[in-house]
Amino acid sequence: MQEKFDDRPIGVFDSGQGGLTVLSRLVDLMPNEDYVFYGDSAHAPYGVKTPEEVYQLTKQVIDELIKKDHVKAVMIACNTATSVAADRLRREYDLPIIGIEPAVKPAVQENAGTVVAMATPLTLKAPKFNDLAAKYAKKDQVVKVPAPKLVELVEDGQMDTPAVYDYLHGLLDPYAGQTDGVVLGCTHFPFAKKAIKNILGPKTKVYDGAIGAAEEVKRQLAKRGELTDRTEPGEISFKNSKPGAGKLSQKLFQIYRQDCQ
Ligand code: DGL
């Protein structure tokens with residue numbers, strides 16, 4: 001088969017700034033691709049909306065990424081949107097739509113004791129999360145910890161401020177020193193990884209689905225012959241539905257790559 005190449009950008013979408021944690025893994029894995037990051041901060045948080053609202057918002061962004069940015073694939077870098085909308089959207093579009101899911105499987109397979117799963121309320125209620133836990137975890141091994149306010153704090157650019165610590169202490173103190181692993185089942189949460197580890201204890205292993213999701217994007221594009229053949233680093237554009245938030249994305253992306261990953 002003759003190889004073909006494709007220089008169109010990859011669209012990376014989240015309800016807000018969280019998807020930057022996935023974008024970072026994509027750039028590590030495929031540095032020569034172009035990316036358009038779209039944060040829907042005007043409508044964040046998604047994790048307290050209905051599944052239908054999340055589906056409609058996600059669809060609007062995918063339409064824009066296709067029409068205006070001519071993307072060749074969309075990474076839904078949002079566990080919440082993946083949980084409630086990805087299957088339906090895949091049936092409606094021809095281009096690859098890749099999602100991210102909470103890394104429950106490795107966390108429960110690599111740890112015998114309790115695993116804390118932090119995510120949005122909607123992700124923790126959705127069948128995707130509960131099916132994963134039922135399939136791989138022992139009974140009562142996974143403790144669900146919804147953390148919707150952490151999304152708002154990260155949207156505000158906070159990751160290790162007193163407000164972040166206050167909120168996380170309230171949620172996580174009961175599990176400090178008692179848990180082997182923590183699943184960060186929302187793409188905003190890796191921004192607060194240091195604070196989460198400081199509270200749960202240095203031995204707690206942290207799991208998120210970003211590397212697996214980035215690898216899946218690469219696999220799907222390779223299969224279609226649509227990876228770029230450029231040898232220079234690609235470009236990243238940051239778009240956001242909330243005025244000014246695209247600039248914040250750019251800044252948070254640098255901070256994440258330098259200090260948090
Ligand atoms: N970052 C998103 C996730 O991975 C959603 C956060 C939100 O908007 O509630 O679930």
Side-chain angles (χ1 to χ4, degrees), residues 11-26 37-62 74-87 89 97-104 107 116-130 132-133 144-159 164 167-168 171 182-193 196 206-214 216-217 238-242 245 248-249 252-253 256 260-261:
V12 182
F13 154 72
D14 182 40
S15 63
Q17 310 290 3
L20 296 167
T21 63
V22 182
L23 176 66
S24 184
R25 297 300 189 181
L26 286 160
F37 178 80
Y38 192 107
D40 192 13
S41 295
H43 301 109
Y46 278 15
V48 292
K49 297 191 189 314
T50 66
E52 184 60 27
E53 284 168 333
V54 172
Y55 161 79
Q56 293 296 346
L57 289 167
T58 306
K59 189 173 167 59
Q60 267 174 37
V61 176
I62 293 181
V74 175
M75 168 77 237
I76 302 183
C78 175
N79 291 265
T80 309
T82 301
S83 300
V84 300
D87 287 343
L89 291 162
I97 295 180
I98 296 92
I100 182 167
E101 61 180 30
V104 172
V116 166
M118 299 175 71
T120 67
L122 195 52
T123 297
L124 292 174
K125 265 187 263 159
K128 195 174 259 305
F129 177 87
N130 290 291
L132 277 173
K144 295 182 190 179
V145 177
K149 196 177 155 197
L150 188 53
V151 174
E152 292 173 43
L153 289 163
V154 172
E155 282 296 299
D156 196 33
Q158 300 195 51
M159 41 203 92
V164 169
Y167 179 59
L168 289 175
L171 293 179
V182 59
V183 175
L184 305 185
C186 167
T187 55
H188 282 69
F189 297 174
F191 274 108
K193 188 152 80 184
I196 291 168
V206 181
Y207 296 85
D208 74 60
I211 293 179
E216 184 57 22
V217 174
F238 295 93
K239 299 176 81 174
N240 201 295
S241 53
K242 184 175 165 185
L248 179 63
S249 297
L252 288 177
F253 186 62
Y256 185 72
C260 307
Q261 185 164 281

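Along the sequence shown, residues carry numbers from 1. Both counts, for ligands and for their atoms, begin at 1 and track the order of listing. The structure displayed is predicted, hence computed values, not measured ones. What you see below is based on every heavy atom in this structure, not just the backbone, and it leaves out hydrogens, waters and symmetry mates.
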Student: Using a 4.0 Å cutoff against the non-hydrogen atoms of Asp14, which atoms of ligand 1 qualify?
Tutor: 1 (N), 2 (C)

Student: How far is atom 7 (C) of ligand 1 from its nearest protein heavy atom, and which residue and atom is that?
Tutor: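 Nearest protein contact, heavy atoms only, for atom 7 (C) of ligand 1 is Tyr46 N, 3.2 Å.
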
Student: Donor-acceptor check, side chain of Asn130 to backbone of Leu124, threshold 3.5 angstrom: yes or no?
Tutor: yes

Student: Does an N or O anywhere in Thr123 fall below 3.5 Å from an N or O of ligand 1?
Tutor: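 Between Thr123 and ligand 1, no N or O pair is found under 3.5 Å apart.
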
Student: Could you list which atoms of ligand 1 come closer than 4.0 Å to a heavy atom of Thr80?
Tutor: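 Those qualifying, in numeric order: 3 (C), 5 (C), 10 (O).
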
Student: Over all heavy atoms of both residues, which pair between Ala147 and Phe189 is shortest? Give the atoms and the distance, please.
Tutor: O-CZ, 3.4 Å

Student: Count the heavy atoms of every other residue, nucleotide or ligand shown that sit under 6.0 Å from NZ of Lys144, and state whether that count exceeds 12.
Tutor: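 Atom NZ in Lys144 is packed in, count exceeds 12.
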
Student: Distance-only, no hydrogens or angles: does the Lys49 side chain make a donor-acceptor pair with backbone N or O of Leu57 under 3.5 Å?
Tutor: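 Side chain of Lys49 to backbone of Leu57, a donor-acceptor pair under 3.5 Å: no, none is there.
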
Student: Could a heavy atom of Cys78 be found less than 4.0 Å from some atom of ligand 1?
Tutor: yes

Student: Hey, does Thr21 have a side-chain heavy atom less than 4.5 Å from the side chain of Asp208?
Tutor: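 Result no, sub-4.5 Å side-chain heavy-atom pair not found.
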
Student: Going by distance alone, is a donor N or O of one side chain under 3.5 Å from an acceptor N or O of the other, for Glu52 and Gln56?
Tutor: yes

Student: Give the contacting part of Ser15 toward ligand 1: side chain, backbone, both or neither, where contact means a heavy-atom distance below 4.0 Å.
Tutor: side chain

Student: In the protein, what heavy atom is nearest to atom 9 (O) of ligand 1, and what distance, to one decimal place, separates them?
Tutor: Gly47 N, 2.7 Å

Student: Please could you name the atoms of ligand 1 that Thr120 approaches to less than 4.0 Å, counting only its heavy atoms?
Tutor: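 Those of ligand 1 that fall under 4.0 Å from Thr120 are 6 (C), 9 (O), 10 (O).
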
Student: If only atom types and distance count, is the side chain of Asp156 paired as donor or acceptor with the main-chain N or O of Gln158 below 3.5 Å?
Tutor: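 Not confirmed, Asp156 side chain does not pair with Gln158 backbone.
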
Student: Just heavy atoms, cut-off under 4.0 Å: does Ile100 contact ligand 1 by side chain, backbone, both, or neither?
Tutor: neither

Student: Asn79 heavy atoms, cut-off 4.0 Å: which ligand 1 atoms fall inside?
Tutor: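 Listed by number with element, the hits are 3 (C), 4 (O), 10 (O).
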
